[in-house]
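Note sheet for the following structure.
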Amino acid sequence: MIELQDKLRPTQPFFVLDTGRFYQEVFARQGISHFYTFRCKGNTNLRIVPDGCIDLIFGYGLDQMNALVRGTYTEYKVEKISSFSDVFGVRFFPGVHPGFLSVTMKELYNRQQRMGPFLKGDKSWLKDMSKEMDFYQRIRIFMEVYEEAEKEKKAFMGKKALINSVKQMVYDSSGKIRISQLSEKTGYSERYINKVFIEEMGFSPKVFCKIIQFQRAIELLNYGAPENMTDAAVYLGYYDQPQFIRDFAKYANITPNKYIKMIQNEEYKSKVISL
């Protein structure tokens, strides 16, 4: 069994399997996991799994660009993207909230919205994005705006500092940490941690743990099929194999064994082109 990477890169495997020409630029800093781009295959139905992330999506088609912001889903979902022929995306690390968005993570929970109304400051850069066809130039335009906004981002205080700390501990533990441990480490009661986390995120820290744990499972199955599911379940911190299979199927709409066969048959690894 492979050793998982220190820093989880949240993955949407069906973005690779349901589309054509998938490229990614792993960034892994400033709260950004990676940039990606893909071509749509006609009237594409895009399958989406929970990842704990905010995605910024720039869809190009019919001589126009649609800029969208998608919050994290807590269940498997299928969306139509037939109006786009080319997509450029920015995926943040789980729980990271970009400073130039005025909308909260709770308001984005299980939703996708037009980005424009939620952007702070000058929005003229969207026009530049709409005209740019080069992947790296799109990254450059985005980063110029993003870095300026991050400079003005206020330090976390009070509840926000607690929530940020909890999210980081969940992420660092690959979702294995218990709520009682979060309580011990922060000095706040489990009830209070749950309350403020739901107020900010729209779902509980336990759900966030499960999503991160699931994402680790996706990473493991993508790049190192385990000898058996019992070993995989233990390695990933599940109580037992049935719980692993049940949770994975809930979030991916497919069992781990069937998922492994699918990515092998469709040559998943060869379709992900890292630049």
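Note that the structure is predicted; figures quoted are calculated from it, not measured. Counting from 1, the numbers follow the sequence of the chain as shown.
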TODO: Would you kindly say whether Asp55 and Tyr36 are connected by a side-chain donor-acceptor distance under 3.5 Å?
DONE: yes
TODO: Sort out for me which residue in Asn257, Asn253, Ile218 forms a side chain to side chain contact (heavy atoms under 4.5 Å, CB included) with Phe248.
DONE: Ile218
Task: Exam field: side chain Ser102 to backbone Phe118, donor-acceptor pair closer than 3.5 Å - done: yes
- [ ] Report yes or no: is the cationic atom of Lys77 (NZ for Lys, CZ for Arg) closer than 6.0 Å to the six-membered ring centre of Tyr73, at no more than 45° off its axis?
- [x] yes
Open item on the list: Between Ser174 and Arg216, do the side chains contain a donor N or O and an acceptor N or O under 3.5 Å apart?
Closed with: yes
- [ ] Please check if the side chain of Ser173 supplies one atom and the backbone of Met169 the other of a donor-acceptor pair under 3.5 Å.
- [x] yes
Open item on the list: Before you tell me yes or no, could you show the steps for Phe22 and Phe15 under ring pair (Phe, Tyr, Trp, His ring centres under 6.0 Å), namely the whole-Å CA-CA distance, both residues' side-chain angles and the distance that decides it to 0.1 Å?
Closed with: CA-CA 8 Å; Phe22 186 94; Phe15 281 25; 7.3 Å; no
Task: Worked check of ring pair (Phe, Tyr, Trp, His ring centres under 6.0 Å) between Tyr60 and Phe88 - done: CA-CA 8 Å; Tyr60 297 80; Phe88 169 72; 7.8 Å; no
Open item on the list: Does this structure show an ion pair linking Lys271 with Glu267, if we count only N-O contacts that are shorter than 4.0 Å?
Closed with: no
TODO: Could you tell me whether the side chains of Ser124 and Asp122 share a donor-acceptor contact shorter than 3.5 Å?
DONE: yes
- [ ] Give the C-alpha distance, both sets of side-chain angles, the deciding distance and a yes or no for side-chain hydrogen bond (donor to acceptor under 3.5 Å, both in side chains) between Gln213 and Tyr251.
- [x] CA-CA 11 Å; Gln213 197 175 27; Tyr251 289 138; over 6 Å; no
Open item on the list: Can a donor-acceptor pair be found, under 3.5 Å and without considering hydrogens, that links the side chain of Glu219 to the backbone of Leu8?
Closed with: no
- [ ] Verify the neighbour count for atom NZ of Lys185: are there more than 12 heavy atoms of other residues, nucleotides or ligands below 6.0 Å?
- [x] no
TODO: Ignoring hydrogens and angles, tell me if any N or O in the side chain of Glu144 forms a donor-acceptor pair with the backbone of Ile141 under 3.5 Å.
DONE: no
Task: No-hydrogen, no-angle side-chain donor-acceptor test under 3.5 Å, Arg140 and Gln137 - done: yes
Open item on the list: Is it true that Gln168 and Asp172 share a donor-acceptor pair across their side chains at a distance under 3.5 Å?
Closed with: yes
Open item on the list: Donor-acceptor check, side chain of His97 to backbone of Val103, threshold 3.5 angstrom: yes or no?
Closed with: yes
Open item on the list: Is it true that, when you exclude Arg111 itself, more than 12 heavy atoms of the residues, nucleotides or ligands shown sit nearer than 6.0 Å to its CZ?
Closed with: no
Task: Donor-acceptor pair, side chain of Ser183 and main chain of Tyr188, under 3.5 angstrom - done: yes
TODO: Go through the steps to decide whether Lys120 and Glu148 satisfy the test salt bridge (charged side-chain N to carboxylate O under 4.0 Å, His left out), and finish with yes or no.
DONE: CA-CA 11 Å; Lys120 298 177 183 177; Glu148 283 301 312; over 6 Å; no
- [ ] Using the ring of Phe135 (Phe, Tyr or Trp, six-membered ring only), decide whether Arg138 places NZ or CZ under 6.0 Å from its centre and within 45 degrees of its axis.
- [x] no
- [ ] Evaluate side-chain hydrogen bond (donor to acceptor under 3.5 Å, both in side chains) for Glu25 paired with Tyr136, printing each intermediate quantity in order.
- [x] CA-CA 9 Å; Glu25 173 73 20; Tyr136 283 103; 2.8 Å; yes
- [ ] Using a strict cut-off of less than 4.0 Å between a Lys/Arg side-chain nitrogen and an Asp/Glu carboxylate oxygen, indicate whether Glu200 and Lys159 qualify as a salt bridge.
- [x] no
Task: Check: Gln215 main-chain N/O paired with Asp51 side-chain donor or acceptor under 3.5 Å - done: no
TODO: Look at the side chain of Lys269 and the backbone N and O of Tyr223, then say whether any donor-acceptor pair between them is shorter than 3.5 Å.
DONE: no
Open item on the list: Using a 3.5 Å distance criterion without hydrogens, assess whether the side chain of Glu150 forms a donor-acceptor pair with backbone atoms of Gly99.
Closed with: yes
TODO: Check whether any side-chain N or O of Tyr146 sits under 3.5 Å from a backbone N or O of Gln30 as a donor-acceptor pair, and report yes or no.
DONE: yes
Open item on the list: Can you confirm whether or not the ring centre of Phe142 sits under 6.0 Å from the ring centre of Phe100?
Closed with: yes
Open item on the list: I'd like to know whether the aromatic ring centres of Tyr23 and Phe38 sit less than 6.0 Å apart in this structure.
Closed with: no
